[in-house]
Amino acid sequence: MKLFDKEFAEIIRDRAFIGSVLIQFITISMLLFLYDTYSQVMHSPNLKITISVDTNDSALINRLEESGVRVVLANESTIERVNAVINTSSGEIKTDPSNIFSGFAIAKISSVSKAVSFDEALEKSNFSYMSAGLASGNTDFVQMGYGLIVPMAVVMPAMVGLSLSIQNILSERKKRTIELLLVSPISDFDLAFSKTAPYVLSSTICGAAWIAVVTQKIPVYNPLLLVLAELFLSLLLVSLSVIISSIARSMQEANVLSSLSGMALVLSILLPSSSTSEYLPTILIARIASNYPDEGIVVGMLLLAVLSFICFWLAVRSVRRMRRSYS
Amino acid sequence: MGLGTMVWWGLRTIVSDRRFLLSIAVGMLISLMTIPLLMNAVSSFKEGNLLSALPISAGMVKIAVVGDHPIVSELEKNSMVEVVSTDEATAMSLLDEGKVHGVFIVNSSGGSFIGRGIPLSNLAESAVKDAVDKFLRKDVKSSFNLKSDLGLEGLLRSLLAPFLMLTPLFIWSLPVIQSIAYERDNKVVEVLFATPASRFEILASKILTNLIFAMVLGALWMYLVQFFGLNFSNPFGVYIVLSSMALLIITMNALVSSIASNPNEATLASSISSTIIITMFFSIAILKVFPATEIAAKLSPATYIAEQVSGESTPFPFNLMLVIYIITATAFLLTLSAFSTEAFAFSIKPGLVQLYEGMLEILKSKRKAAFAMGFVAFSVTMPVELVAIGLVFFIIGPSVFILLLSLTVIEELLKAVAIYVLKPKKVKEGAILGGLIGLAFGVSESLLLAPIIDIMVLVRVVPILIHSVSSGIVGVGYAKKQFILALLIAITLHMAYNMYLVWQYR
């Protein structure tokens, strides 16, 4: 425990750690700002979008103008820059792909298209529809909030733990101060624990703080379960850092390997859906944040816990291997 | 030991680390794999939202359905939705307990949705409306129907391309950290300083080594991405931009490695500075959304790369190159200053003040140093202002006054640091040195904001004057031992001008 206390105290005083906490805070705050304000910008009357339409369809034009865009007919000459051109007969939309305004234009056209189509379909089919109990305000980016911001708030501290832990162990290897620990009577388990637990704890505390910050803007289900997921994810990645540190021959190599781990974690978001997708850490976190706990979430958490403990066991074995290489 | 020999040895060191090269290869492969995966996701996405097609959205909302209607099977096809079929009483009970996000009651004549008053209920309702729309439209011809991809594939490709081209620079620029921070830590740098090679040659060799390495990887990267759907109208132009950005990031890494007190700090600081540089250039690209500032967006490599991928044959961005090389030159000058201080060799972290003192030593003239420090102050200002903008927006909100005040204070303080180092003793000296700092600062700012160089003087003469006058006031204030008062006057003057601009363009 004394070793754990010493390591933890060093982490808290480490400027690199303090710097990383500041960077994480800025990143989360900017993402939340984007989540909150982008939607306001999207519906702001000051957002000037001009769309060209090839037909004088008054219903369509009225709907587009109600959504806040300016509509010009394709055969009209205008000095204004057109952000999107709609061909109503083929259904094609042409935009300037290098202009970020295109995204706004596409989103506006999409929402108008859906609204027009829906109202028409109800009327022609004589089908009534009503809704109640909806949230007020702009809710355009709900999926982004639960699918990207919350997972990022949980994954970032764990990734920082991975990176800082690698730096710490490799610098001890370089200065040869780790040899004193390796030749001491401390068990492999205690040594691995003292190297991982402080980073796991600091990452979990950070993760809990960011979850509390995110909850101010995004109402999250199961915050305590998210903190537990943070704990397991941190244990997984920090144990991985011990393994990487024991096999890497240089800090450079270790940095690249840790970057690759991060890339693999992010890449998991893009893999096609399969029966195992819901158990990937990032996807599991999104589900925990957005749902009441169910079987899938419980199984996912158990799998994450098992994986993290397996990784920790491998970390203990890496310590043993390091010991043998120094003896 | 000449520059060429040192570069050759540096390259041999990098190439001999096979595991590092293998790691880079794996990283490039993973990045390349993201292109078809993302394009695949786009090709199957539901209207209006890319995230709907990704597994991260699977089962995000739960809806309790009451009633038996074919619309329910349409709803079940949406991977974002998990449907629970039940009776009304149970459904309302599940809704109250929070186990479902909404209840959809449907029969042959109509349907109604009841939510919980949370954003996820809105998401659930949009899925229900989609399902109703799709079912009813089977028999109804819509008078307005868009192609489902909404042209997003092209947009995504052009947004993805800058990320794919610029983010590998993080890894390609790592060797310079090893060669500076670690050699300093191992005391190898003292051996190098004992050789006949000048500090300029030693530093230049390290940067050149990494640059050659990055350029080789850049050429390979440009060749590979075309097989994954990224083609450029002017590949040579993109390559030049990529190499210039690599040079900038490598030089910044060299700078932070020189001033960090240990390799750990150097690695972390380098990744932070690289992130800030890339974020800054992407942020400038966003200026394209406003017609008034669209031309300024040309100063972003992200804009140029996106235009190239979308097939536009845009002119080569010489202004962007100018900005990159100015920042690179100032970073190089600061790094050389760090190399020239004793603090560097003995692993003590030199602060900005010591770096300025190093510059004074190298340039041997207060006036030349003042001019150089003005450029340096501007380069340092940019990332600091970016952080300040984020903090102000989050803590206070979109307040124009507070934002402008914070930016003004940052700019005046960073210019004042240079005056503090130069220590003018007489009023005339203070005015001249302060004026030169402000002039350099204003000129760099103008180069960034007024890309049409031949009209730069006409458009930007007042801001340059304001910067010169405010720094001149601080210089005079320092000479008269009224530094703080002078700084406050400078901030007030600068802020008054900024508020005038806001009032004018409201």
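Naming: A, B, ... by sequence-line order, numbering from 1 per chain.
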Under 4.5 Å to a heavy atom of chain B? For A:A132 that would be both

Honestly, the part of B:V103 sitting under 4.5 Å from a heavy atom of chain A is neither

In terms of heavy-atom contacts, A:V160 and A:Q24 come closest through CG2-NE2, 3.6 Å

Check your understanding: Around A:M159, counting heavy atoms of other residues, nucleotides and ligands shown, do more than 12 lie under 6.0 Å from its CE?
Key -> yes

Highest number of heavy-atom pairs under 4.5 Å with chain A among B:L120, B:I114, B:V61, B:V132 belongs to B:L120

*Should the heavy atoms of other residues, nucleotides or ligands under 6.0 Å from CD of A:E10 be counted, would the total exceed 12?*
yes

Of all heavy-atom pairs linking A:A289 and A:V150, the shortest is CB-CG1, 3.6 Å

Cut-off 4.5 Å, heavy atoms of chain A, and the answer for B:S121 is both

>> Please evaluate residues B:D133 and B:K129 with respect to the criterion side-chain contact (heavy atoms from CB on, under 4.5 Å), reporting the C-alpha separation (whole Å), side-chain torsions for both, the decisive distance (0.1 Å), and the verdict.
In response: CA-CA 6 Å; B:D133 180 57; B:K129 281 174 89 168; 6.0 Å; no

The interface call for B:S108 against chain A, heavy-atom contacts under 4.5 Å, is backbone

When the 4.5 angstrom heavy-atom criterion is applied to A:L122 and chain B, the contacting part is both

Honestly, the part of B:I171 sitting under 4.5 Å from a heavy atom of chain A is side chain

Ranked by heavy-atom pairs below 4.5 Å to chain B, first place among A:Y146, A:Y221, A:F127 goes to A:F127

Sorted by chain and residue number, the side-chain contact (heavy atoms from CB on, under 4.5 Å) partners of A:I247 (sequence neighbours excluded) come out as A:R321, B:R19

Under 4.5 Å to a heavy atom of chain A? For B:L94 that would be neither

Residues 95-105 of chain B vs salt bridge (charged side-chain N to carboxylate O under 4.0 Å, His left out), sequence neighbours excluded, gives B:E97-B:K99

